[in-house]
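Scroll down for the structure; my scribbles are underneath it.
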Amino acid sequence: MLDTNEIARATVVHHRGIPVVVVTGEVDSSTVAPVRTRLVDELAHRPRGLVLDLSRVGFIGSTGLQLLAEAVVQARGQGTALAVVAGHRAVLLPMRVTELDRAVVVRDTLDHAVTAVLSH
């Protein structure tokens, strides 16, 4: 079940040695700050790979999409493989409309996203 609380939360876990930023709630201009903080902090460590898990996000607005686009650019620039976990319309549709799904690897499960990052 999706967490549709208004406040976005972001935590970091590790799966098979890869950091995963797990986001819950709704990501828009008024709630993006904790997601931005976690994502920027993890990218600052210059990991080999990073996964952004959006499977528990009930809504992603233009600010959240912009943050994702910025993360894609930064990850590419520093050689970090980046993948997104998203398997539902609330995240996939905005990513498709903005063509972000073409700029980053999108998988429907955490394990598949981590495998994509590890095989990069």
Side-chain angles (χ1 to χ4, degrees):
M1 177 134 202
L2 296 178
D3 182 352
T4 58
N5 291 332
E6 290 182 18
I7 299 172
R9 293 176 188 83
T11 57
V12 178
V13 299
H14 287 82
H15 186 74
R16 294 171 37 202
I18 298 296
V20 179
V21 177
V22 180
V23 182
T24 58
E26 297 182 359
V27 184
D28 62 22
S29 60
S30 64
T31 64
V32 75
V35 180
R36 181 180 305 281
T37 298
R38 291 287 185 179
L39 198 51
V40 167
D41 287 350
E42 288 306 309
L43 283 169
H45 295 301
R46 300 180 76 87
R48 156 184 163 182
L50 179 65
V51 172
L52 182 59
D53 185 346
L54 302 178
S55 63
R56 296 179 185 107
V57 169
F59 171 83
I60 187 165
S62 60
T63 305
L65 294 169
Q66 179 63 36
L67 176 61
L68 177 55
E70 292 167 6
V72 167
V73 170
Q74 183 176 348
R76 278 190 188 149
Q78 68 188 38
T80 298
L82 180 65
V84 172
V85 180
H88 59 285
R89 187 171 202 253
V91 174
L92 290 174
L93 183 60
M95 287 185 70
R96 284 184 186 132
V97 168
T98 59
E99 296 186 355
L100 273 170
D101 62 333
R102 293 179 180 203
V104 66
V105 172
V106 180
R107 297 291 183 262
D108 61 350
T109 69
L110 176 59
D111 200 51
H112 289 151
V114 170
T115 297
V117 164
L118 288 172
S119 65
H120 176 72

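Using a 4.5 Å heavy-atom threshold, the side chains of Thr115 and Val117 count as separate. Inter-residue side-chain proximity for Val23 and Asp53 is flagged as unmet; no heavy-atom pair is nearer than 4.5 Å. Using a 4.5 Å heavy-atom threshold, the side chains of Val35 and Leu67 count as touching. Looking only at side-chain heavy atoms (C-beta outward), Val22 and Arg56 come within less than 4.5 Å of each other. Residues Val105 and Leu82 are not in side-chain contact: their nearest non-hydrogen atoms beyond the backbone lie 4.5 Å or more apart. Considering only heavy atoms from C-beta on, Val20 comes within 4.5 Å of Leu110 through its side chain. Looking only at side-chain heavy atoms (C-beta outward), Val84 and Val51 stay at 4.5 Å or farther from each other.
The side-chain contact (heavy atoms from CB on, under 4.5 Å) test applied to Gln74 returns Leu43, Gln78, not counting sequence neighbours. For Ser30, the side chain to side chain donor-acceptor pair (under 3.5 Å) partners two or more places apart in sequence, or in a different chain, are Asp28. Every side-chain contact (heavy atoms from CB on, under 4.5 Å) that Arg38 has, sequence neighbours left out, goes to Ala10, Val12, Val21.
Residues Val91 and Ala86 come closest through the heavy atom pair CG1-CB, 3.6 Å. Val85 approaches Ala113 most closely through the heavy-atom pair CG2-CB, 3.6 Å. The minimum heavy-atom distance linking Gly49 with Pro19 is given by the pair O-CD, 3.3 Å.
Taking CD1 of Ile18 as the reference point, atom NE2 of His14 lies at 8.5 Å (rounded to 0.5 Å). Rounding to the nearest 0.5 Å gives a distance of 5.0 Å between CZ of Arg48 and CG of Leu118. Here Leu68 contributes atom CG and Leu54 contributes atom CG; the two are 7.0 Å apart, rounded to the nearest 0.5 Å. Expressed to the nearest 0.5 Å, how far NE2 of His45 lies from OG1 of Thr80 amounts to 11.5 Å.
Under the 4.5 Å side-chain heavy-atom criterion for grouping Ile, Leu, Val, Met, Phe, Trp and Tyr, Val106 is connected to Leu50 within one hydrophobic cluster. A single hydrophobic cluster is seen to contain both Val57 and Leu92, as judged by linkage of ILVMFWY side chains at heavy-atom distances under 4.5 Å, directly or through other members.
Side-chain heavy-atom separations under 4.5 angstrom define the hydrophobic clusters, and Val73 shares its cluster with no other residue.
Thr109 and His112 are linked by a side-chain donor-acceptor pair at a separation below 3.5 angstrom, with hydrogens and angles left out of the test.
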Scan the side chains in residues 94-101 for donor-acceptor partners under 3.5 Å anywhere in the protein, sequence neighbours excluded, and list what turns up.
residue: Thr98; atom: OG1; partner: Pro94; partner atom: O; Å: 2.8
residue: Thr98; atom: OG1; partner: Met95; partner atom: O; Å: 3.4

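Residue pairs meeting the salt bridge (charged side-chain N to carboxylate O under 4.0 Å, His left out) criterion with at least one member in residues 108-120, sequence neighbours excluded, are Arg16-Asp111. Sorted by first and then second residue, the salt bridge (charged side-chain N to carboxylate O under 4.0 Å, His left out) pairs involving residues 59-77 (not counting sequence neighbours) are Arg36-Glu70. Sequence neighbours left out, not one pair with a member in residues 84-93 passes salt bridge (charged side-chain N to carboxylate O under 4.0 Å, His left out).
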